[in-house]
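If you're wondering where the values come from, they're calculated on a predicted model, not measured in any experiment. Note: hydrogens, waters and symmetry copies are ignored here, and every other heavy atom, side chains too, is used.
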Amino acid sequence: MSNYNLDDRSAVVEPSKPRLLEILGPGLVTGASDDDPSGIATYSQAGAQFGYLASWTLIFTYPLMAAVQMISARIGRTTGRGLAGSMARCYPRWVGVSITVPLLLANVINLGADLGAMGDAAHLLLNGNSLIYVAAFGVICVLLQVLLKYKRYVAVLKWLSLALLSYIATLFVVHVDWSNFTRGLLLPTFKGDANYWSMIVAIFGTTISPYLFFWQASEEAEDLKEKPRQEPLVEHPQEAKRANMRITLDTLIGMAASNIVALAIITTTAATLNSAGATNIESSVDAAKAIEPLAGSFAKIIFATGIIGTGLLAVPVLAGSAAYAVGEAARWKVGLSREPSEAKAFYVTVGLATAVGMLLNFTPIPPMKALFWSAVLNGMVAVPVMVILMLIATNRKVMKQFIIGTWLKVFGWLSCVAMFVAVIGMGVTTLL
């Protein structure tokens, strides 16, 4: 830690705070937002239907997820632009449009499902009308982004990441079969069951999502605006060693937190719901309801509170990543560090994405069907985005001397292959 000096401090952390908190930023927030209510639903379904058998996927996805996010962050820190901004400078306009449009649609659907889960969780805890809660949470998420100063907003996101601890806490109130847990974690299981493989594909799609690439790259670029003594690495290469060390540590910890929490959710639902034969779980709130008679009201409260906390973190990230992608592709002024009057189109996109997602909850569209199509769109866009990500990260015209090294290349391309296989698997299992 001694390599970090006062110039490297995060804009959102005071000097008196611990060094680790200074380093953690875009990686931590990105990892935490991956465990959104929709992700919680996927992991809950995995534990309820297949017990501990799918746990191994989270060890397998960790290095792949960490590599892709690290590459995204390095592009942002090296160029001073988000991923869509770099794409716009390297490829024809139609490439950016063909990627940002499905990304926007998928984010809006995912965002709407998250708001719906948050409203249902609030109803579960407080009673009242869940749609009123949906509207309230949507307004809160927009106001957080529009009214708070950037450094204060990022501080709020960091604190909201603590909501993930609620799922670790549930492990202390359920009875886990540690022998089966260890076997499921360390020994990959391959079953000739289409439903099982559909779940494996869903876990991959939930864990490695395109909106996370855009968000972390944009936040690295955004942080430079808040640190006047730091510039993109292509302009100030002397900062590279410290910057890349920080990105590596931040991303490894953030993605580890994401996968550990996902594992905790699978383990909790495996120990309670699967053991009791309650395998028909369609949402995160269904899981919270089903856990209560098996593990007590305390477990239900922790589970439901976590849905709200992670939703308050994930909804702004989903809306923000969509606005960054659209705005950078269109070459607007973008950034949460800008005043709304400076970046009107960017903030309008944030507000519209949230509003449309919120309104989806007032339509007869089934939330799980909407989420399914969101997963399909994410899968379709993930592979080309990841390929472009790798091409940019290895392009000397863009990255100069900071093209990624061998290990990141290996794990980055492995991630592309794994995601391609997952998308093919999704298509096959859908047909079956």
Side-chain angles (χ1 to χ4, degrees), residues 18 20-21 24 27-48 51-52 54-55 57-59 62 114 117-126 133 137 155-182 184-185 203 206-207 253-276 278 281 283-315 317:
L20 185 60
L21 290 182
L24 297 180
L28 175 66
V29 172
T30 302
S33 67
D34 192 34
D35 291 318
D36 66 331
S38 300
I40 294 167
T42 299
Y43 301 132
S44 297
Q45 289 168 339
Y52 305 100
S55 301
T57 56
L58 297 170
I59 288 182
Y62 174 65
D114 285 353
M118 293 160 69
D120 289 340
H123 170 74
L124 190 63
L125 294 173
L126 305 172
Y133 292 130
F137 286 133
V156 169
L157 291 182
K158 283 187 180 182
W159 282 109
L160 283 172
S161 67
L162 293 176
L164 297 178
L165 295 176
S166 62
Y167 295 105
I168 305 295
T170 57
L171 290 177
F172 294 94
V173 294
V174 300
H175 176 70
V176 178
D177 183 335
W178 293 110
S179 175
N180 281 334
F181 166 83
T182 304
L185 185 66
I203 291 173
T206 297
T207 306
I253 291 175
M255 301 312 123
S258 173
N259 280 29
I260 288 170
V261 169
L263 180 61
I265 295 169
I266 289 177
T267 303
T268 297
T269 50
T272 53
L273 307 184
N274 182 264
S275 296
I281 301 298
S283 71
S284 51
V285 175
D286 281 351
K289 290 177 183 175
I291 281 173
E292 183 176 20
L294 302 169
S297 59
F298 181 64
K300 179 198 77 172
I301 290 169
I302 293 174
F303 210 90
T305 302
I307 293 170
I308 295 171
T310 56
L312 287 171
L313 173 64
V315 167
V317 170

Can you tell me how far apart [atom1] ([X]) and [atom2] ([Y]) are? Round to the nearest 0.5 Å.
X	Y	atom1	atom2	answer
Ile301	Thr170	CD1	OG1	13.0 Å
Leu28	Ser258	CG	OG	10.5 Å
Ile302	Ile168	CD1	CD1	11.5 Å
Ile40	Gln45	CD1	CD	12.0 Å

Open item on the list: Among residues at least two apart in sequence or on other chains, which ones pass side-chain hydrogen bond (donor to acceptor under 3.5 Å, both in side chains) with Ser44?
Closed with: none
Open item on the list: Has Asp36 got a side-chain atom pairing as donor or acceptor with Val315's backbone, closer than 3.5 angstrom?
Closed with: no
Task: Sidechain-backbone polar pair: Thr310 side chain, Ser33 backbone, donor-acceptor under 3.5 Å - done: no
Heavy atoms, side chains only, cut-off 4.5 Å: are [X] and [Y] in contact?
X	Y	value
Ser55	Leu263	yes
Thr30	Val317	no
Tyr167	Asp35	no
Met118	Tyr133	no

At their closest point, which heavy atom of [X] faces which heavy atom of [Y], and how far apart are they?
X	Y	value
Ala54	Ile203	CB-CD1, 4.0 Å
Thr269	Ala48	OG1-N, 3.8 Å
Thr206	Gly39	CG2-CA, 3.5 Å
Ala117	Pro37	CB-CB, 3.6 Å
Asn259	Leu58	ND2-O, 2.8 Å
Ile308	Ala121	CG1-CB, 3.9 Å

Task: Residues in ring pair (Phe, Tyr, Trp, His ring centres under 6.0 Å) contact with Phe137, at least two apart in sequence or another chain - done: none
Open item on the list: Under the rule for ring pair (Phe, Tyr, Trp, His ring centres under 6.0 Å), what residues qualify as partners of Phe181, not counting sequence neighbours?
Closed with: Trp178
Task: Any side-chain donor near an acceptor of the partner, Tyr43 and Thr268, under 3.5 Å - done: no
TODO: Going by the side chain to side chain contact (heavy atoms under 4.5 Å, CB included) test, name the single residue among Asp177, Ile266, Leu185 that passes it with Tyr52.
DONE: Asp177
